[in-house]
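Please read the structure below before turning to the comments.
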Amino acid sequence: MDKEYVREITSRAEDYSQWYVDVATKAQLMDYAPIKGCMVFRPYGYGIWERIQGALDPRFKATGHQNAYFPLFIPESFLQREAEHFEGFVPEVAWVTRGGGEDLAERLAIRPTSEAMICHMYSRWIQSWRDLPMLLNQWCNVVRWEKATRPFLRTTEFLWQEGHTCHASEEEAEEEALRMLGVYADCLQEDLALAVIPGLKTEAEKFAGALRTYTVEALMSDGKALQAGTSHNLGQFFARVFDILYLDRDGQQKHVWQTSWGVSTRLIGALIMVHGDDRGLVLPPRVAPLQAVIVPIAPQRQREEILAAARELRDTLSGSYRVQLDDREEHSPGWKFNEWEMRGVPVRIELGPRDLAAGRVILVRRDNGEREEASNRGLPGRLGEVLDAVQDSLYRRAWAFTEKSTRVVRDMAAFQATLEQDRGLIVAGWCGDAGCEARIKGDTAATIRCLPLDGVVTPVSSALGEAKGLPCVHCGGRSGRPVVFARSY
RNA sequence: CGGGGCGUAGCGCAGCUUGGCAGCGCGCCUGCUUUGGGAGCAGGAGGUCCCGGGUUCAAAUCCCGGCGCCCCGACCA
């Protein structure tokens, strides 16, 4: 293939960070806003988020959740009630101190997360065991005044969903936390074509105030891991702080058991880094705002004839697929080929004089460049097959890459060497001691990404089997089960 | 919070060392010819050289101060 146009995008090998930013901007997913750490979601990038919402929201509904919306502002006194939990994120909170030209009597935090507000409301809404479980979710924005930001991965303001649930027992809360982790894993695999590793966070890595934090981790193509979603069993910490009590069947007042869980627009960063290549973005068909783009090749003489056929084709396909006809006159077909590849559209449909005469079109896959002819009659069905094949192929590729990039190591020398050469995921024994965990982090910058869940087949399954029974990689002490280490975003 | 880079047309940059007409490429506008992997020609529009102060006959350029953005690292409940 002609790579001349790639001048627009830095290669991954040359500078991965620059490649990432090039893809995000040149594919027109985002642009930098004139506020530090803030970005604009351009229509194409926001379209991906809408597709992610479209994949997750029905799953939330199917598991009994409803959407609601809570205020952006949180009174300072609310946050102070959970002082212990709050202390850690004070430096990241933005405050509103004036309104209507006057100083406010009480400062308002711009939510960095909504536990405080939602728990306050729950304390009013929940009286009886009959009110449980309470299963709400909200799609919203949050603000965290981060010192270092990167498009999609960590920005001052970002979009996410946060589910907040209340239950009558610890068992129910645990079940819910795991159920939603499963929902994330399923959606990320099925729709985003990400190969994820569900697992438990260590005490050091868990959400403060949670009993347990679960995570889905994914490996990016530069060998660093990304926490793609989290689900917390919050126990009764917030219930005590906010007095969320219910009268049980036995006549006793009891605190509820809670969960919270979330994924954010960070997932778009994961899509870029898992599927993208040196030509730009590669989108899985199920979350691609555009699944196919029709590029007419229309010489002057047959111009109207070909454009009419292309419009008809678009109208036929648009009932079943997200398609766009690129009939811009100011660009050549070659220019369009390159641009739509850079923007990651899964399939390109070419329609030129030769195709028109033969009653067919040309289909070209973004992920592997394969081209094929499809008859007009068979096209609608064939396009669906090709899109499925792209979706499937991207998932398999992500899985294979993650599996190939996973190493079992037995000592710290091998640990260090692996990180320096390939990065990737490291499966090793760990004694469970926070001291060993901290020293490994200090020496290598790698953290325990998770303790993988039992009974879930993932790209690290065979490595976990191989590492079974290995002693702690740091102290040589007895280890429980092997864990996954990596450097991470 | 530490390290590095940058700020000149919409974007990318040159010019700064050694002060002297504000330039180049892409993009944009108009017209014509083109269209199977980033078309060509002709004409045209577009500037607070980040901001403030200083030096000077003269500052994008030198000096002082400030602001902003990006990247890397640390931090990230």
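Note on naming: letters A, B, ... go to the chains in the order of the sequence lines (proteins, then strands), and numbering restarts at 1 for each one.
- For S332(A), the side-chain atoms get nearest to G38(B) when compared with the rest of G37(B), A74(B), G38(B).
- Residue pairs satisfying the ring pair (Phe, Tyr, Trp, His ring centres under 6.0 Å) criterion with at least one member in residues 334-384 of chain A, sequence neighbours excluded, are listed as follows: H331(A)-W335(A).
- For the pair E370(A) CD and G37(B) P, the interatomic distance rounds to 19 Å; values are reported in whole Å.
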Hey, what are the protein-to-nucleotides 30-34 of chain B N/O distances that come in under 3.5 Å?
none

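- A45(B) and G2(B) are spaced 49 Å apart, taking the P atom of each and rounding to whole Å.
- Distance from the side chain of P333(A) is smallest to G36(B) among G36(B), C72(B), G38(B).
- Looking at the side chain of W335(A), the nearest of the listed nucleotides G38(B), C76(B), G37(B) is G38(B).
- Going from atom CZ of R365(A) over to atom P of G37(B) covers 22 Å, rounded to whole Å.
- When distances are taken from the side chain of I297(A) to each of G38(B), U35(B), C75(B), the shortest belongs to U35(B).
- Every residue meeting the salt bridge (Lys or Arg N to Asp or Glu O under 4.0 Å) condition with E217(A), not counting sequence neighbours, appears here in chain and number order: K201(A), R449(A).
- Proximity note for P151(A) (side chain, C-beta onward) versus G38(B), C71(B), G36(B): the nearest is C71(B).
- The aromatic rings of F207(A) and H232(A) sit parallel, their planes meeting at an angle under 30°, below the 60° perpendicular limit.
- When the side-chain nitrogen and oxygen atoms of Y489(A) are compared with OP1 and OP2 of C75(B), none of them lie within a distance under 4.0 Å.
- Going from the C1' atom of G40(B) to that of U34(B) covers 8 Å, rounded to whole Å.
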